[in-house]
Enquirer: 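To start, I am sharing the structure in question, which I have written as C-alpha cells.
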Amino acid sequence: MKKILCLSVMFFLVMAGILSARESVIEKIQKQGVIRVGMSTFVPWAMKDKKGHLTGFEIDVARKLAQDMGVKIEFVPTAWSGIIPALLTGKFDVIIGGMGITPKRNLKVNFTIPYDYSGMSMVANKLKAKGFSTLADFNKKDVTIAVRMGTTAEQAARKYMPNATLKLFENESQALQELNLGRVHAVVSSAPMPVFHALKYPDKLFVPIKENFTKEPIGFALKKGDHDALNYFNNWILNMQAQGFLKEKKAYWFESKDWENLVK
C-alpha cells in the first residue's frame, strides 16, 4: 500500500511539474501583473530622453501591448550580443527590440509575424570615404567598417563587404564615435539611424548609398514551445496593423523628426 501511495505521489509531482512547465508566459504575466520586456537602445527604436526615460518606436509598441494586456511594464535593457541567452534564462518574458527575423536566430527562439520591416543603411566619413558611392567602394581590405556586434548589421557587412575590415562594438554609440573621429570609413546600421546621424553632423558625415541595401522583417522573440503566447502576440500585431497604430507610430518615429527635441 505504501509503495502504491509513493508511486501516486511521484506521479502527481511529475505531472504537476509538466503542467507548470507548460504554463504560458501569457498566464505568468497576468498572474504577476507585469510584462518584462528585453530590449537594447537603437535610434529611434529605443532611446533615453532628456530626463533619462526610455522613448522610441519599440517603447511605444511595448507600452501599448502592456496596456492592452492590463498589466504594468518593466523594461530590461540588455547588451544586444547576449539578449537571446538572457531571454532563454528567463530574465524577461519577450524581446521587443527591433530584432530581425533570421533563420539562425529562429533556431533558438520563436518569432511572431512581422510588426515592422527594416533594412541596412550606411553613414560614412566624408574625408576617409571621399568619392565612395557603392558597396563595391567599401568592399576593400583597406576600408574599415564599424558595426554593433551580434546584430544583423554585422551579418550584412560580412555578406556585402567581405573584403572590408570590421571593427565590432558592444553598442552603437561607440561605433559612431569612431566614425566621428575619423577612425573608420563607415558605420552600418538599421535605417533610419544612419540618415539621422549624417544630418546631425553634415560637415563630417554623409550617406553614400541612398537606398537601404537589405530588407528584413522585425518580430517579437520568445521562448520556443509557448504556442499560446505566440498566438496572442500574433493576433495583437494583426489588430494593431488593422487599427493603424503601427503605421502611425512608424510614421512618427521613422518618417518625421518631431521627436528630436525629446532627446536633445
Enquirer: At their closest point, which heavy atom of D93 faces which heavy atom of V34, and how far apart are they?
Expert: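 It is OD2-O, 4.1 Å.
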Enquirer: Pick one: which of Y115, F111, Y232 meets ring pair (Phe, Tyr, Trp, His ring centres under 6.0 Å) with F220?
Expert: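 Filter result, single survivor: Y115.
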Enquirer: For residues F169 and F42: do they belong to one hydrophobic cluster (side chain heavy atoms under 4.5 Å, members Ile, Leu, Val, Met, Phe, Trp, Tyr)?
Expert: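 Unlinked, F169 and F42 end up in two clusters.
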Enquirer: Should the heavy atoms of other residues, nucleotides or ligands under 6.0 Å from CD of Q177 be counted, would the total exceed 12?
Expert: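 12 or below, so no.
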Enquirer: Regarding T41 and E172, do their side chains bring together a donor and an acceptor under 3.5 Å, going by distance alone?
Expert: no
Enquirer: For M47, is there any backbone N or O sitting under 3.5 Å from a side-chain donor or acceptor partner on T55?
Expert: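 Checking the backbone N and O of M47 against the side chain of T55, no donor-acceptor pair under 3.5 Å is found.
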Enquirer: So how far is it from K72 NZ to Q32 CD, rounded to the nearest 0.5 Å?
Expert: 13.0 Å
Enquirer: One pair to check against salt bridge (charged side-chain N to carboxylate O under 4.0 Å, His left out): K64 and D68. What are the steps and the verdict?
Expert: CA-CA 6 Å; K64 175 62 173 170; D68 289 347; 3.4 Å; yes
Enquirer: Return the minimal non-hydrogen interatomic distance between L179 and A186, and the atom names on each side.
Expert: CD1-CA, 3.7 Å
Enquirer: If I take atom NE2 from residue H185 and atom CG from residue D142, how far apart are they, to the nearest 0.5 angstrom?
Expert: 6.0 Å
Enquirer: What is the distance from atom CG of L205 to atom NZ of K128, rounded to the nearest 0.5 Å?
Expert: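 So the CG of L205 and the NZ of K128 are separated by 13.0 Å.
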Enquirer: Does any non-hydrogen side-chain atom of V61 lie less than 4.5 Å from one of L246?
Expert: yes
Enquirer: For residues 97-108, tabulate all N or O donor-acceptor pairs below 3.5 Å that involve a side-chain atom, not counting sequence neighbours.
Expert:
{"unit_1": "T102", "atom_1": "OG1", "unit_2": "R105", "atom_2": "N", "d": "3.2"}
{"unit_1": "R105", "atom_1": "NH1", "unit_2": "G100", "atom_2": "O", "d": "2.9"}
{"unit_1": "R105", "atom_1": "NH2", "unit_2": "G150", "atom_2": "O", "d": "3.2"}
{"unit_1": "N106", "atom_1": "ND2", "unit_2": "V109", "atom_2": "O", "d": "2.8"}

Enquirer: Do M193 and Y117 share a hydrophobic cluster, counting only Ile, Leu, Val, Met, Phe, Trp and Tyr and linking them when any side-chain heavy atoms are less than 4.5 Å apart?
Expert: no
Enquirer: Test your reading of the model: is there a side-chain donor-acceptor pair from N234 to the backbone of N231, 3.5 Å cut-off?
Expert: no
Enquirer: Does some side-chain heavy atom of V123 sit less than 4.5 Å from a side-chain heavy atom of V195?
Expert: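 The answer is no; the side chains never approach within 4.5 Å.
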Enquirer: Look only at the side chain of T78 and the backbone of V76, and say whether a donor-acceptor pair between them is shorter than 3.5 Å.
Expert: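 Yes, T78 side chain to V76 backbone: donor-acceptor pair under 3.5 Å.
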Enquirer: So do T112 and L222 actually touch side chain to side chain, heavy atoms under 4.5 Å?
Expert: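 Yes, their side chains come closer than 4.5 Å.
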Enquirer: Once side-chain hydrogen bond (donor to acceptor under 3.5 Å, both in side chains) is applied, do any residues pair with K159, and if so which ones, sequence neighbours excluded?
Expert: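 Partners of K159 under the side-chain hydrogen bond (donor to acceptor under 3.5 Å, both in side chains) test: none.
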Enquirer: Nearest heavy-atom pair of I83 and F92: which atoms, and what distance?
Expert: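 Nearest pair, atom of I83 first, then F92: O-CZ, 3.4 Å.
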Enquirer: Do D116 and W45 pass the side chain to side chain contact (heavy atoms under 4.5 Å, CB included) test, and can you show the C-alpha distance, the side-chain angles, and the key distance before you say yes or no?
Expert: CA-CA 11 Å; D116 188 34; W45 306 82; 3.2 Å; yes
Enquirer: Residues in side-chain contact (heavy atoms from CB on, under 4.5 Å) with E27, at least two apart?
Expert: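 Checked E27 against side-chain contact (heavy atoms from CB on, under 4.5 Å); matches are E23, S24.
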Enquirer: Could you measure the distance from the CD atom of E260 to the CG atom of L199? Nearest 0.5 Å is fine.
Expert: 8.0 Å
Enquirer: Heavy atoms only: give me the nearest I26-A229 pair and the separation to one decimal.
Expert: CG1-CA, 3.5 Å
Enquirer: With rounding to the nearest 0.5 Å, note down the distance linking CD1 in I73 to CG in L54.
Expert: 9.5 Å
Enquirer: So, does R148 use its side chain to make a donor-acceptor pair with the main chain of E170 at under 3.5 Å?
Expert: yes
Enquirer: Side chain to side chain contact (heavy atoms under 4.5 Å, CB included) between L65 and M240: does it pass, once the steps are laid out?
Expert: CA-CA 9 Å; L65 173 64; M240 292 306 101; over 6 Å; no
Enquirer: Tell me the closest heavy-atom pair linking A66 and I35, and the distance in Å.
Expert: CB-CG2, 3.8 Å
Enquirer: Return yes if some donor-acceptor pair links the side-chain N/O of T134 with the main-chain N/O of D137 below 3.5 Å, else return no.
Expert: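 Yes.
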Enquirer: Which residues end up grouped with L181 if you chain together Ile, Leu, Val, Met, Phe, Trp and Tyr wherever their side-chain heavy atoms are less than 4.5 Å apart?
Expert: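 Answer for L181: none, a lone residue.
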Enquirer: Should side-chain heavy atoms under 4.5 Å link Ile, Leu, Val, Met, Phe, Trp and Tyr, which residues sit in the same cluster as M149?
Expert: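 Members alongside M149: M120, M122, F132, L135, F138, V143, I145, V147, Y160, M161, L166, L168, V188, I209, F213.
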Enquirer: Just wondering, are more than 12 heavy atoms of other shown residues or ligands nearer than 6.0 Å to NZ in K247?
Expert: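 Not more than 12 within 6.0 Å, no.
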Enquirer: Check A191 against S121 and note the closest heavy-atom contact, atom names and distance.
Expert: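 Of all heavy-atom pairs spanning A191 and S121, the closest is CB-CB, 4.3 Å.
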Enquirer: How long is the gap from CZ on F233 to CG on L238, to the nearest 0.5 Å?
Expert: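 F233 CZ to L238 CG: 14.0 Å, rounded to 0.5 Å.
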Enquirer: Ignoring hydrogens and geometry, is there a side-chain-to-backbone donor-acceptor pair from N139 to N163 under 3.5 Å?
Expert: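 The answer is yes, because a donor-acceptor pair under 3.5 Å joins these two groups.
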Enquirer: Please list all pairs meeting salt bridge (Lys or Arg N to Asp or Glu O under 4.0 Å) that have one or both residues in residues 225-235, counting only residues at least two apart or in different chains.
Expert: none
Enquirer: Would you check if M69 and I29 make a side-chain contact, meaning some heavy-atom pair closer than 4.5 Å?
Expert: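 Touching, per the 4.5 Å side-chain cut-off.
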Enquirer: Can you list the steps and then say if H197 with V43 is a side chain to side chain contact (heavy atoms under 4.5 Å, CB included)?
Expert: CA-CA 9 Å; H197 196 65; V43 178; over 6 Å; no
Enquirer: Is the shortest heavy-atom distance from the side chain of F196 to the side chain of P44 under 4.5 Å?
Expert: yes
Enquirer: Does the pair F254 and W259 meet the rule for a ring pair (Phe, Tyr, Trp, His ring centres under 6.0 Å), with working shown?
Expert: CA-CA 10 Å; F254 291 85; W259 49 269; 8.8 Å; no
